[in-house]
Amino acid sequence: MNIWWIQRNIRLADNKTLTAALQEGNGLLPVFILDRKIYENISTISTKDKFLISALNHFDKALQQLGSRLILRVGNPVDEIIKLAGEVDAKKVYTDADVHPALIRQYNQLGEKIELNFGEQPCIFPFSAVKQKNGKPYQVFTPFSRAWKALPINLQLFQSPDYLPSVPDIFSVTLPVLSHLDTFPAEEFQAARKLKSFMDGPIYTYSDSRNMLCKDGTSFLSPYFRWGLLSKRQALHAAFDAKLNTDDFISMSNCDSWINEIIWNDFFQAIMHFFPEVLDGPFRNSMQNLEWSDSAIGLQAWKDGLTGYPVVDAGMRQLRNTGWMHNRARMITSSFLVKHLLINWQKGERWFYDLLIDGDPALNNGNWQWAAGTGTDSVPYFRIFNPILQGKKYDPHGMYIRRWIPELSDVPDRFIHTPWLMTSVEQKSCHVQIGNHYPLPIVDHNAARLRALSVLSRR
DNA sequence: TGCACATTGAG
DNA sequence: TCAATGTGC
């Protein structure tokens with residue numbers, strides 16, 4: 001009997017770990033070990049954890065259709081898997097390789113007690129394949145992506161099994177069946193369906209429409225990548241096909257833009273692999289001792305979507321309400337926390353990680369270091385998003401703002417990004433009192449910009 | 001994957 | 001007058 005320890009590739013199609021475990025032919029025990037904190041708080045579960053629980057429930061059903069089932073246990077993965085191995089007399093464990101140092105410690109502990117084999121890797125290519133000529137890992141995205149693109153790529157996908165070995169009659173924790181997640185139904189076939197519909201059109205205009213807050217121009221696939229309901233291989237395969245299916249040069253380059261995002265995913269996984277210390281602080285040492293503000297009021301206003309800057313607040317409320325945020329809004333809100341409020345980016349990283357249903361430690365950290373300008377390859381300190389102009393540019397009619405900030409729903413387009421500029425008569429006519437129903441800006445953009453420049457330029 | 005402000009040159 | 005371009009933060 002082989003244990004298939006499922007960590008982050010919760011799918012049947014194109015699954016290298018599953019394929020490797022099945023090849024042995026000695027029986028297969030699909031196992032997921034759930035964090036105790038999630039299990040004990042299941043009655044007050046966050047949207048983020050709901051996605052995982054829902055995915056596990058659906059995956060169990062999919063396994064049952066093939067004659068297997070999911071064995072779910074709660075607690076420390078190393079202890080639980082050793083316990084399970086004893087129950088079913090398993091000699092080998094097959095699992096997904098992750099880059100997080102805490103998980104790597106678990107692999108080392110488990111590997112001392114039982115034979116541990118890795119199937120799925122975090123990136124398209126092995127880490128050793130994408131390195132500089134001098135053997136050192138890349139620290140900058142563009143050269144990394146150039147080397148990545150130059151490698152020969154094999155996108156042969158692994159077949160879904162037609163049936164699976166049955167599972168012995170052992171205990172499995174039962175999870176509650178949760179209400180359906182509208183935007184992100186946590187099922188493998190839904191991920192495939194979303195991928196297909198993105199490739200059928202939106203990918204060809206991705207470069208521009210991905211930035212429009214009011215449009216659904218992004219692929220909405222991030223939660224599926226996070227938990228592996230979809231593989232990066234499957235996605236690349238589909239994107240390469242989409243590129244072949246057009247002879248329009250601009251459409252092709254739009255496909256490349258989206259493919260680039262998958263390369264960013266690989267890049268940040270590689271950074272976490274080679275430099276796990278990024279989890280504890282800035283990649284660049286010179287950014288180590290910045291004089292961050294410890295304003296609890298500022299941080300709370302940011303979290304609550306009450307900064308007084310509509311586009312920032314809309315993003316933060318979308319996050320809190322749905323567990324997901326538009327990518328452009330992630331850039332605007334993270335820049336605002338770091339540059340306008342001068343609050344340590346690690347507080348934002350934590351908040352995003354706790355709420356985002358696509359929250360992946362490597363990507364979340366990489367993107368925050370990028371936004372804060374603390375990574376090697378990141379935004380320069382003087383690049384400070386103006387939340388008013390960003391709003392005007394990417395949400396010109398305030399549709400995104402009105403969707404998430406109902407207080408502002410009657411504000412005319414002219415004032416939707418600067419509601420505080422309305423006279424009290426104008427405010428009255430659109431049923432909002434700025435400073436009462438919706439806050440005044442907690443910082444003045446120009447003053448905050450100058451403060452950020454002066455603090456950050458000293459590095 | 002920024003922005004503000006200055007300069008330039010066409011009309 | 002204004003869009004296009006250049007430049008420093």
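No hydrogens, no waters, no symmetry mates; every other heavy atom, side chains included, goes into these values. Protein chains get the first letters and strands the later ones, always in sequence-line order, with residue 1 at the start of each.
- Between the side chains of A/Thr333 and A/Trp302, no donor N or O sits under 3.5 Å from an acceptor N or O.
- The ring pair (Phe, Tyr, Trp, His ring centres under 6.0 Å) test with A/Phe267 is passed by exactly one of A/Phe275, A/Trp370, A/Phe144, A/Trp148: A/Phe144.
- A/Ile263 has its CD1 atom 15 Å from the P atom of B/dT1, to the nearest Å.
- Per the geometry, CG belonging to A/Leu453 stands 14 Å off C1' belonging to B/dC5, to the nearest Å.
- Rounded to an integer number of Å, the gap from A/Ile384 CD1 to C/dC9 P is 13 Å.
- Rounded to whole angstrom, the span from the CE atom of A/Met331 across to the C1' atom of B/dC3 amounts to 14 Å.
- Side-chain contact annotation: A/Gln190 with A/Tyr224, donor-acceptor N/O pair under 3.5 Å absent.
- A donor-acceptor contact closer than 3.5 angstrom is absent between the side chains of A/Thr423 and A/Lys428.
- The interatomic distance linking A/Asn446 (CG) with B/dG2 (C1') rounds to 14 Å, in whole Å.
- Residue A/Asp377 contributes atom CG, which lies 11 Å from atom C1' of B/dT1 at whole-angstrom precision.
- A salt bridge does not link A/Asp410 with A/Arg402: none of the charged nitrogens is closer than 4.0 Å to a carboxylate oxygen.
- One interatomic measurement links the two molecules: NE2 of A/His340 to P of B/dG2, which rounds to 15 Å at whole-angstrom precision.
- When rounded to the nearest whole Å, the span between CZ of A/Arg451 and P of C/dC9 equals 21 Å.
- Ionic pairing of A/Asp360 and A/Arg8 is present here: one or more N-O contacts between side-chain nitrogen and carboxylate oxygen are shorter than 4.0 angstrom.
- Within residues 385-393 of chain A, the residues approached by DNA chain B to less than 4.0 Å at the level of any non-hydrogen atom are A/Phe385, A/Asn386, A/Leu389, A/Gln390, in residue-number order.
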